[in-house]
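Data first, discussion second: the structure below is written as structure tokens.
In each ligand, atom 1 is the first atom listed, and ligand 1 is the first ligand listed.
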Amino acid sequence: MGGWVGGQAEYVMVPYADFNLIKFPDKAQAMAKIKDLTMLSDILPTGFHGAVTAGVGVGSIVYVAGAGPVGLAAAAQILGAAVVMIGDMNADHLKHAASVGFTPIDLTKSDNLGDLIEAVVGKPEVDAAVDAVGFEAKVQGKNGAEAPATVLNSLMSVVRAAGGIGIPGLYVTEDPGAQEEGAKQGNLKMRFGLGWAKSHRFYTGQTPVLKYNRQLMQAILHDRLPIAKIVNATVISLNEAPKGYKDFDSGVAKKFVLDPHGLLTKVA
Ligand SMILES: NC(=O)c1ccc[n+]([C@@H]2O[C@H](COP(=O)([O-])OP(=O)(O)OC[C@H]3O[C@@H](n4cnc5c(N)ncnc54)[C@H](O)[C@@H]3O)[C@@H](O)[C@H]2O)c1
């Protein structure tokens, strides 16, 4: 977005670098946490933006759809959430999410999200929800068919009246490969009337990374957010990138970090 291309390369020319780069206060302190700090460039602010815009605060009951890196990075815990459930159909993602403190929701067990949430918190309702899946969503349950609006619809069904839905998950204006005719032009079968009736707030769009990266940097530097462990950051060289992409697509519970100059491997 914005027309800048070629970020995944040996070197990047940073546009408006005086504004876009973030300066770490101390090199040695930063190098000790460099794997965590790497997450500031995209997924951490993105997941966090989802939680902030969903209105997560002290004592919130939260549901995050999607246990990929963005869902894991929603960091609702540091906003004070009481419970953070995370739903997925990918068993490895759920196992990893449980190991780093989330309450996993196995969406293969039922096609009714409310029932699964009720089993954890006693009622089929949450205060806030984050869509960390986007238009590539599959229908929950066992069959897993492509269903681009399924997460939005299921979140409207479980978020309480006047609750918020943060949507960092990507939606597109065109998806020529989509199965549904409408979805090819980005038209989704969304039950928007339900959201209207429940006075929901929806927040979408590309993340304003600079809005969050200084505060998240401080949370990392001061040991409040072990984000590399949470997303299972795995450092690979540029040569290993094609395999990294393949593994990511196959659904492994890892966030790959490309390290073209061996800088991170030295400190990892
Ligand atoms: N807004 C932004 O600025 C921004 C930035 C980065 C990424 N993103 C988007 O965030 C989304 C997530 O990124 P990621 O890297 O974590 O992707 P990912 O593919 O690793 O994770 C998505 C997860 O959603 C799961 N899933 C599929 N259908 C589901 C359903 N119905 N309910 C719950 N889970 C379901 C998948 O099994 C997968 O584990 C993508 O759409 C990505 O493009 C947005």
What protein heavy atom is closest to [atom], reported as residue, atom name and distance in Å?
| atom | value |
| --- | --- |
| atom 3 (O) of ligand 1 | T207 N, 3.0 Å |
| atom 4 (C) of ligand 1 | T46 CG2, 3.4 Å |
| atom 26 (N) of ligand 1 | V133 CG1, 3.7 Å |
| atom 21 (O) of ligand 1 | G68 CA, 3.5 Å |
| atom 23 (C) of ligand 1 | D88 OD2, 3.6 Å |
| atom 16 (O) of ligand 1 | V70 N, 3.0 Å |
| atom 22 (C) of ligand 1 | A132 O, 3.9 Å |
| atom 6 (C) of ligand 1 | D42 OD1, 3.4 Å |

Going by a strict under-4.0 Å cutoff (protein heavy atoms only), does atom 19 (O) of ligand 1 have a neighbour on the protein?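 Protein heavy atoms within 4.0 Å of atom 19 (O) of ligand 1 - there are none.
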Ring centres under 6.0 angstrom apart (H261, Y11):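 Yes, they do, as the ring centres are separated by less than 6.0 Å.
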Can you list the atoms of ligand 1 that are under 4.0 Å from a heavy atom of [X]?
| X | answer |
| --- | --- |
| A137 | 28 (N) |
| F248 | 15 (O), 20 (O) |
| M89 | 28 (N), 29 (C) |
| V151 | 30 (C), 31 (N), 32 (N) |
| Q206 | 1 (N), 3 (O) |

With a 4.0 Å cut-off, would you call K184 and D175 a salt bridge?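 No, no charged N to carboxylate O under 4.0 Å.
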Do K33 and D223 sit within salt-bridge range, that is, some charged N less than 4.0 Å from a carboxylate O?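 Salt bridge between K33 and D223, a charged N being under 4.0 Å from a carboxylate O: yes.
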K198 side, atom NZ; S157 side, atom OG - distance, nearest 0.5 Å: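 If I round to the nearest 0.5 Å, the distance is 6.5 Å.
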May I ask you to check whether Y171 and D131 show a side-chain donor-acceptor distance below 3.5 Å?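 Note: Y171 and D131 side chains meet the donor-acceptor criterion.
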Regarding T108 and D106, do their side chains bring together a donor and an acceptor under 3.5 Å, going by distance alone?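 Their side chains do contain a donor-acceptor pair, which is all the 3.5 Å distance test asks for.
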Is the number of heavy atoms from other residues, nucleotides or ligands under 6.0 Å of R201 CZ greater than 12?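 It does: R201 CZ has more than 12 such atoms within range.
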Just wondering, more than 12 heavy atoms not from F202 lying within 6.0 Å of its CZ?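 Atom CZ in F202 is crowded, with more than 12 foreign heavy atoms closer than 6.0 Å.
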Only heavy atoms count here, so choose which of [options] is nearest to [atom].
| atom | options | value |
| --- | --- | --- |
| atom 32 (N) of ligand 1 | N153, L107, N90, V139 | L107 |
| atom 31 (N) of ligand 1 | H49, E146, Q140, K138 | K138 |
| atom 41 (O) of ligand 1 | L170, V172, V252 | L170 |
| atom 1 (N) of ligand 1 | G169, P168, S154, A74 | P168 |

Between the main-chain N or O of L264 and the side-chain N or O of D259, is there a donor-acceptor pair closer than 3.5 Å?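 Yes: the side chain of D259 pairs with the backbone of L264.
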Restricting to non-hydrogen atoms, name the atom on D36 and the atom on P226 that form the minimum distance, rounded to 0.1 Å.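 That closest heavy-atom pairing would be OD1-C, 3.5 Å.
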Is there a side-chain contact between I227 and I230, using heavy atoms and a 4.5 Å cut-off?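 Yes - at least one pair of side-chain heavy atoms lies under 4.5 Å apart.
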Test item: N112 and L116 side chains (from C-beta on) under 4.5 Å apart, heavy atoms: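 Result no, sub-4.5 Å side-chain heavy-atom pair not found.
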Quick one: does ligand 1 sit under 4.0 Å from the side chain of H93, the backbone, both or neither, non-hydrogen atoms only?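 The answer is the side chain of H93.
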G205 to ligand 1: N or O pair under 3.5 Å?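 Between G205 and ligand 1 (N or O atoms, distance only) the closest approach is under 3.5 Å.
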